Protein chains: 2
Amino acid sequence: MNREPRDEKEFLDAYDSKAYPSIALTADLVVFAVAGGVLHAAMVRRGGHPFKNALALPGGFVGPHESAEQAAYRELAEETGLDLGRLPVHVEQLATYSNPDRDPRMRVVSVAHLALLATDGQTLPNISASTDAAAAAWHPVHGVLHGTELAFDHTTILTNGLDRLAGKMEYTTVAARMLPEEFTMTQLRTVYEAVWNTTLAAGNFTRKMLPQLEDTGRKSKASIGAPAALFTATDRHIHPPLAKPASK
Amino acid sequence: MNREPRDEKEFLDAYDSKAYPSIALTADLVVFAVAGGVLHAAMVRRGGHPFKNALALPGGFVGPHESAEQAAYRELAEETGLDLGRLPVHVEQLATYSNPDRDPRMRVVSVAHLALLATDGQTLPNISASTDAAAAAWHPVHGVLHGTELAFDHTTILTNGLDRLAGKMEYTTVAARMLPEEFTMTQLRTVYEAVWNTTLAAGNFTRKMLPQLEDTGRKSKASIGAPAALFTATDRHIHPPLAKPASK
DNA sequence: GTACTTGTTGTCAGCTTGATAATAACGAAT
DNA sequence: ATTCGTTATTATCAAGCTGACAACAAGTAC
């Protein structure tokens, strides 16, 4: 059966770090933001081969003294030019992609992360500020997934990121992380509709969400129509979950 | 701001693989099986420092030409002696643990996996067959988590594995992967009770599960009491989800 | 047979859901 | 100031689901 040593730590004690071919570890990012009722993802356009001119997810190497999550935050700041000290952002680990052939040049293992940026639902955060050629730009997610070919296995990663967000929104209030501190019920519903790519009945949505939110007592100044109540949200479980409509 | 190159792939083109300190990549396993109404996990006892004599999760290095998932399957076979060709087993990726200090000796990044073994609910798969000193043995999960200190960050990993399984059982039929091809409703309910560490009303459980299962028409030969119908399950979504009781 | 155990089906009040309507609050046009 | 268009919030109602629990069915042990 030709067994290897079973205890990884015992193995490590005798491990010569030059003996194994080195594995490069990167942190890639699926960065989402909602504007105009459409879910957008930050993507960079590749300048060199392979996959020249194709769109790719932002990301970069994990440094020797940082965790993958720390690297994700750092890369997010570097590649988008966002001031993370000011802009609230939710980052969570998505999955790790380790297929030996996923990069044709060498062994690269990527820890993908999901990042959610807060917007007012109208304008996307400005990520073109960076002078770098590979600066990130926003692309509509549902459009990109139906047509565009992404570099490497990034179509899979983007799809998994979307599925993760869509699923998590069923049973948590994470959608509120994509809005300002205070938001209206309609803004929150728009986030759901953008991510799920569907429409939801406003009345029933309010009834279901209301117990999960905190009413600030303040009202939004609407340019037209009735003023809407402003809510805040703390990360919370929705129980029973909000059902995502089946079709589409 | 001292920026790094933004495009990981461009960086790689100029990357000298000896320039960075190598990162060792391992695949660790949270292996679950239910017996006697109790959820068990396979653990190895460490022989050397650090964490000498402490319990640890099975796992090992990811080889140069295999994915983390392939390594997980291989390590599962090697460390437990299980014949995976015969025994059905469900393996899915859990999360990646990359804190730079998680191993005091060197940089080890671990891709943790969740593995579910099928049992009849009574006897655990024999994993002592291996002659290796670090052979795995079964330990009750809820007991281990309330008291025992595990090596490295394995308490965190084990907790995350349990949470993943408990959560997924709410909205999928994955619990059936811990039972034989054909099983009774009571066997399935016992899996839920073992993982959730609670009790469930038999009648309501049947009502909720019935539409997700396929009735084989066959009956189990019970040693006592009425014979139970035998079901099979395909991986399916439960909608709306099965609610896990709140307390404990 | 009787007692005991286990599995399956039924009942019922209370709650949740989806669809839809009614009401309320505002700006703009007249 | 009244009306209209628009948006937000609350109400209504039938259908379905849930949790608690009871009733029934099918086997073994004595």
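Excluded from the calculations below are hydrogen atoms, water molecules and symmetry mates; all remaining heavy atoms, backbone and side chain alike, are included. For clarity, every value in this text was computed on a predicted model and none was experimentally measured. Quick note on labels: first sequence line is chain A, next is B, and so on, each numbered from 1.
Counting to the nearest Å, the C1' atom of C/dG7 and the NZ atom of B/Lys219 are 8 Å from each other.
Side-chain atoms of B/His142 come within 3.5 Å of backbone atoms of B/Ala194 as a donor-acceptor pair (strictly under, hydrogens ignored). A donor-acceptor contact shorter than 3.5 Å links the side chain of B/Trp196 to the backbone of B/Ala166. Looking at A/Thr198, its side chain never comes within 3.5 Å of a backbone N or O of A/Glu193 through a donor-acceptor pair. A donor-acceptor contact shorter than 3.5 Å is absent between the side chain of A/Gln122 and the backbone of A/Ala35.
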| remark: Going 5' to 3' through nucleotides 17-30 of chain C and flagging B where a protein heavy-atom sits under 4.0 Å of the base, S where only the sugar-phosphate is that close, and - otherwise, we get BBB-----BBS---
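Listed by chain and residue number, A/Ser67, A/Ala68, B/Arg107, B/Val109 satisfy the side-chain contact (heavy atoms from CB on, under 4.5 Å) test with B/Ser98 (two or more places apart in sequence, or in another chain). Contacts of A/Pro227 classified as side-chain contact (heavy atoms from CB on, under 4.5 Å), with partners at least two apart in sequence or in another chain: A/Lys219. By the side-chain contact (heavy atoms from CB on, under 4.5 Å) test, B/Ala226 is found to be paired with no residue, residues two or more places apart in sequence or in another chain being considered. Annotation: ring pair (Phe, Tyr, Trp, His ring centres under 6.0 Å) contacts of B/Phe231 (sequence neighbours excluded): none. The salt bridge (Lys or Arg N to Asp or Glu O under 4.0 Å) search around A/Asp83 returns A/Arg86, not counting sequence neighbours.
Annotation: proximity of residues 184-194 of chain B to DNA chain C (heavy atom, distance under 4.0 Å) is found for B/Met185, B/Thr186, numbered in ascending order. Residues of residues 165-176 of chain B that place a heavy atom closer than 4.0 Å to DNA chain C do not occur.
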| What's the verdict on side chain to side chain contact (heavy atoms under 4.5 Å, CB included) for B/Lys208 and B/Ile238, showing C-alpha distance, side-chain angles and the deciding distance? | CA-CA 9 Å; B/Lys208 192 64 195 272; B/Ile238 304 174; 4.2 Å; yes
| task | With side chain to side chain contact (heavy atoms under 4.5 Å, CB included) as the test, would you mind laying out the steps for B/Phe32 and B/Val195 before giving the verdict? | result | CA-CA 10 Å; B/Phe32 283 146; B/Val195 174; over 6 Å; no
| task | Assess whether side chain to side chain contact (heavy atoms under 4.5 Å, CB included) is satisfied between B/Thr186 and B/Thr190, documenting all intermediate values. | result | CA-CA 6 Å; B/Thr186 299; B/Thr190 302; 4.2 Å; yes
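Looking at B/Val44 and B/Glu79, their side chains come closer than 4.5 Å, going by heavy atoms from C-beta outward.
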Listed pairs under 3.5 Å, donor-acceptor, residues 167-182 of chain A side chains, sequence neighbours left out:
unit_1   : atom_1 : unit_2   : atom_2 : d
A/Lys168 : NZ     : A/Glu92  : OE1    : 2.8
A/Lys168 : NZ     : A/Glu92  : OE2    : 3.3
A/Thr172 : OG1    : A/Lys168 : O      : 2.8
A/Thr172 : OG1    : A/Val174 : N      : 3.2
A/Thr173 : OG1    : A/Thr234 : O      : 3.0
A/Thr173 : OG1    : A/Arg236 : N      : 3.0
A/Arg177 : NE     : A/Asp235 : OD1    : 3.0
A/Arg177 : NH2    : A/Ala233 : O      : 3.4
A/Arg177 : NH2    : A/Asp235 : OD1    : 3.2
A/Glu182 : OE1    : A/Arg218 : NE     : 3.3
A/Glu182 : OE2    : A/Arg218 : NE     : 3.4
A/Glu182 : OE2    : A/Arg218 : NH2    : 2.4

All N/O donor-acceptor pairs, side-chain side in residues 199-207 of chain B, below 3.5 Å, sequence neighbours left out:
unit_1   : atom_1 : unit_2   : atom_2 : d
B/Asn204 : OD1    : B/Arg207 : NH2    : 3.3
B/Thr206 : OG1    : B/Ala202 : O      : 3.1

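For DNA chain D, the outermost nucleotides in 5' to 3' order that have an atom under 4.0 Å from a heavy atom of chain A are D/dT6 to D/dT12.
Over its full length, the helix from C/dG1-D/dC30 to C/dT30-D/dA1 turns its helical axis through 10°, comparing axes from the five pairs at each end and rounding to 10°.
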